[in-house]
Engineer: 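One structure, as structure tokens, below. Some questions next.
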Amino acid sequence: MAENASNPVIAAADLKKVFRDFWRRPKVRAVDGISFEVSRGEVFGLLGPNGSGKSTTIKMLLGLLFPTSGRLRVLGESPRHVKTRSRVGYLPEHSYIYPHLTSEETLDFYGRLFDLSRRERRRRMEQLLEMIGLQHARHRMVGEFSKGMARRIGLAQALINDPDVVVLDEPTSGLDPIGCRQVKDLILTLARRGKTVLMSSHLLADVEDVCDRIAILYNGKIQAMGPVRELLEEKGRSRITLPELSPEAMARVLELLRKEFGEEPELEHPRRDLEQFFLDVVEKARRGTQASPPKKEKLAGYLEGEDLLQKLAAPSTTETKREEPPPSAPPPAARTDARLSHLLQNGPDNE
Amino acid sequence: MNRVLSIAAVTLRTAVRSRIVVFMMLLLVFILTGLPSAIRGDGTLTGYVQVLLSYTLGFAGFILSVVAVWTGCTAVSSEIRTHQMDLVVTKPVPAVQIWFGKWLGILALSLALLLFTFAAAYGGLRWAMIHRSASEVDIQKLREQVLVAREKIAPRDEGLEERAENLYRLRQAEGAVPEGVAPSTARRIIADDLRLQANSVPPGYGRRWIFDFGSSVKDRPLFLRYTFSASRPEIEGLWTAGESGSRDQAVRRVTEASGGVRTWRIPSAAARDGSLTIEFGNIHEEPATVIFPPENPPVLLLYHDSFEMNFLRVFCIAFIRIAVLAAIGLTAGTLFSEPVALFFSAWMVLLLNIGRYIRAMAATDVFFPVHDGPARIPGLLDRLLHLFFAALDGLVRPLQSPDVLGAMAAGEWVSWGLVAAEFLVKVLIFCGLLAALSSFVLKRREVGLPA
Ligand SMILES: Nc1ncnc2c1ncn2[C@@H]1O[C@H](COP(=O)(O)OP(=O)(O)OP(=O)(O)O)[C@@H](O)[C@H]1O
Ligand SMILES: [Mg+2]
């Protein structure tokens, strides 16, 4: 099948995987007839409880496992095609990297497997090390790394080839909240550049933040699939967010609503999520300990398409119907939250 | 190529950093220093050097080949077990490049260790020559018979086969071949008999051999190496070499014990125009027959080139052997899971080391002979066993190499031709086949499965 802009980047049809024992008797039906398509620029999430078949599906997408039946196409080709592999990035569930190599050597090795030139490898390595915040550990053996550090190196190797399709198996597992935020920003940036991302996760909040569409797996079958917004929308209910009102104004509003619906509306104060709160606290602590202005964790330039920017005045990213602003500037909500936490920390006497 | 080299580099780096190399080097030093002192030679410098060249290098080479098989086995299979291979096969690297990358990495490691071993052995040899006390004779023997590369010349064919054939025809015409004896058996019996007759020297008789070597002898002495058996413990004989009656004819009268290998140093003057005639006369007083074993006739050794060149060629052959073992291990590692691969390669190493016995088994027709009954006719089981061993022999024989260390320690020439043949058969053909097989399998293996 020729690659075409309108064709899905990943297409699975009635995909099955049965694990057999030594005597070839069926043992586990890990994936049981799933079908889905992911198109260019989309972020697709695979959700499901432990053992539901997420990793098995991902391994089939990479040609590490062969489907028992069904059809699977990545970029219009079989996943086992060598050409396909040069355009795919993969972060496995666990960090399967060589413990006896340093961070630099690790990235250089995988870069060489993609036949990148020495200059290009150096450039990308520098940017990736900066992005994952491991410049200080560039000469340390990967085997000595903490789980999160190894995870970061794993992520960096998945991106060394500036892949068109990125497959991430639980990308945020083992990462601290800052790392999680970065990974999510990264995923959004990649998608904006027209890259396709397929990820699995247990962390529903993460999935909700970045995925355009999700599929929920249970027992190897897709139980629900669709755009996140649609799946989560509670049809027939609305929420109005207002600034703090004076008691009289509030009474009037409630009175009006009661009259309109004949039913008592729920009233509560919106809460920030813990993630944003954590990020603000850490940011503040860092500002306190560092004399120099804090360095913003930067995405690797080549992943943001800086080459493209240099070549074309206006980069033609595929239109995304996404409301999220670029991750380099914190979203407005986050900014408000930052102000709030600031207030909270300084006590009420400030206001 | 970039990919192959990077995989090789990582393999090598992992081996070096996991300290296996340091451990191996310590072990090798231990072998190289310990073994020559532990093995008692005949106390001479020559004996010491020979032990160093054959046993010590042989043992070190064995250790290195075990290491090569073992690293080969684990290179792929353990990476599949730990899933490090997942991140390699998901990159655009053809399976054959993975195999070659791993192989090159192991070869680089083995090359370094082998160089170290041979360099240490050569250093030890030079050191011994300076620091060990030795007699003049001993030193001369070492220089002329060990630290050289001498070509081995067999005596000229005497047309025994043809004579045996004629005799067989004659006997058959006479009706002297009994009924029911297979022609091949009858021929063999007649030929054996003729050969034995030709090599038996009764009292008062002589035996003559002609050696052709074409080339000049470069003013170096020649050496005749022979062995014989006799009906008495000691035999008196007269050896002559060269044109009889000539001034340059070499003559030697000896009283020698039966059995054992002897050498006679013949001045180069005796040999001219590319051939040399040597005669043995049985001049023992009391009647005693001397027999030169037909399967092991006297040979003439003549200088070919330097010991150092021989050393280099032996090094090449040793390296080729290690390369083959690494390829076997690597292939086992891509075909099977780690424990199975280790088991399989251990078997392969064993088979290669008992090639001689396999050959003997392959030549057997009847496997369970009844000793005091009539000869058994080969049955189905015998035929199956015979087939099995013949197949095994066919598999193992191309991989056998001649005992080059022993040859080197005996001052025998190991030719570049042999090196080239070993390279062609073992590296190009055999390793090439293994690479093809491995990449075929690796491409079809579900790497994501737990081992
Ligand atoms: N090699 C295998 N042999 C047998 N069964 C397997 C194998 N690999 C996975 N399974 C089974 O397949 C099912 C799906 O496993 P999978 O790893 O895809 O789950 P998952 O959704 O990724 O779970 P988790 O959230 O824990 O990562 C499980 O029941 C698992 O036991
Ligand atoms: Mg999983």
Side-chain angles (χ1 to χ4, degrees), chain A residues 17 19-20 22 30 55-68 74 79-102 105-106 108-118 121 141-143 153-154 157-158 160-161 163 167 169, chain B residues 1-22 71 74-76 78-98 100-102 104-105 109 336-337 339-340 439-451:
Chain A
K17 179 69 193 177
F19 288 108
R20 293 172 188 279
F22 183 80
S55 299
T56 307
T57 308
I58 284 179
K59 282 181 186 168
M60 284 194 283
L61 281 176
L62 284 145
L64 290 171
L65 293 176
F66 307 156
T68 309
V74 176
R80 286 159 68 189
H81 205 272
V82 169
K83 271 231 190 74
T84 315
R85 294 179 162 176
S86 61
R87 294 172 58 196
V88 176
Y90 169 47
L91 171 69
E93 201 171 1
H94 305 285
S95 311
Y96 302 131
I97 32 188
Y98 292 104
H100 291 292
L101 300 186
T102 66
E105 286 165 349
T106 303
D108 190 64
F109 171 64
Y110 293 113
R112 281 176 83 178
L113 293 188
F114 284 105
D115 232 358
L116 299 177
S117 71
R118 179 186 291 271
R121 289 200 307 268
M141 300 267 183
V142 173
I153 283 288
Q157 69 75 32
I160 190 98
N161 58 328
V167 180
D169 201 347
Chain B
M1 203 57 205
N2 199 1
R3 297 188 177 115
V4 173
L5 290 181
S6 59
I7 292 175
V10 165
T11 310
L12 186 62
R13 210 171 264 160
T14 303
V16 171
R17 295 205 180 144
S18 59
R19 307 220 169 73
I20 169 178
V21 175
V22 179
T71 33
T74 53
V76 170
S78 85
E79 278 191 23
I80 288 182
R81 182 173 50 77
T82 59
H83 289 287
Q84 285 160 346
M85 195 50 90
D86 286 18
L87 282 183
V88 178
V89 297
T90 48
K91 309 292 186 249
V93 195
V96 69
Q97 292 189 4
I98 297 178
F100 271 111
K102 292 278 166 202
L104 276 188
L109 172 71
F336 311 117
S337 67
V340 180
S439 44
F440 180 85
V441 171
L442 189 58
K443 229 184 290 175
R444 282 156 189 79
R445 190 164 166 183
E446 282 189 281
V447 175
L449 283 180

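Chain letters run A, B, ... following the sequence lines, proteins first, then strands; residues in each count from 1.
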Engineer: Which bit of B:E79 comes within less than 4.5 Å of chain A, counting heavy atoms only: side chain, backbone, both or neither?
Structural biologist: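 It is the side chain, since no backbone atom gets that close.
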Engineer: What part of A:L116 lies closer than 4.5 angstrom to a heavy atom of chain B: side chain, backbone, both or neither?
Structural biologist: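 Only the backbone of A:L116 comes within 4.5 Å of chain B.
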Engineer: Does the A:D169 side chain pair with the main chain of A:I58, one donor and one acceptor, at a distance under 3.5 Å?
Structural biologist: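 Such a contact is absent between A:D169 side chain and A:I58 backbone.
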Engineer: Non-hydrogen atoms of chain A under 4.5 Å away: do they reach the side chain of B:T82, the backbone, both or neither?
Structural biologist: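 The backbone, not the side chain.
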Engineer: Less than 4.5 Å to any heavy atom of chain B: does that hold for the side chain of A:M60, its backbone, both, or neither?
Structural biologist: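 Nothing of A:M60, per the 4.5 Å heavy-atom cut-off to chain B.
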Engineer: Look at the side chain of A:Q157 and the backbone N and O of A:G154, then say whether any donor-acceptor pair between them is shorter than 3.5 Å.
Structural biologist: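 A pair under 3.5 Å: yes.
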Engineer: Which residue out of B:L5, B:D86, B:T90 racks up the most heavy-atom pairs below 4.5 Å with chain A?
Structural biologist: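 Among B:L5, B:D86, B:T90, the one with the most close pairs to chain A is B:T90.
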Engineer: Does NZ or CZ of A:K17 come closer than 6.0 Å to the centre of the six-membered ring of A:F19, within 45° of the ring's axis?
Structural biologist: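 Verdict for A:F19: a cation-pi partner in A:K17.
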Engineer: Report the option among A:E105, A:H94, A:H81, A:K59 that has the most heavy-atom pairs separated by less than 4.5 Å from atoms of chain B.
Structural biologist: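 Of A:E105, A:H94, A:H81, A:K59, A:E105 has the most heavy-atom pairs under 4.5 Å with chain B.
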Engineer: Quick one: does A:N161's side chain have a donor or acceptor within less than 3.5 Å of a partner on A:S86's backbone?
Structural biologist: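 Checked: pair present.
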Engineer: What orientation do A:F109 and A:Y98 show, parallel under 30°, tilted 30 to 60°, or perpendicular over 60°?
Structural biologist: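 Ring orientation, 0 to 90° scale: perpendicular.
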Engineer: Considering only heavy atoms and a distance below 4.5 Å, find which of B:T14, B:V89, B:L87, B:V10 pairs most often with chain A.
Structural biologist: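 Most heavy-atom pairs within the cutoff with chain A belong to B:L87.
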Engineer: Measure from NZ or CZ of A:R112 to the centre of the six-membered ring of A:F114, then state whether that distance is under 6.0 Å and the direction lies within 45° of the axis.
Structural biologist: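 A:R112 over A:F114 ring: no.
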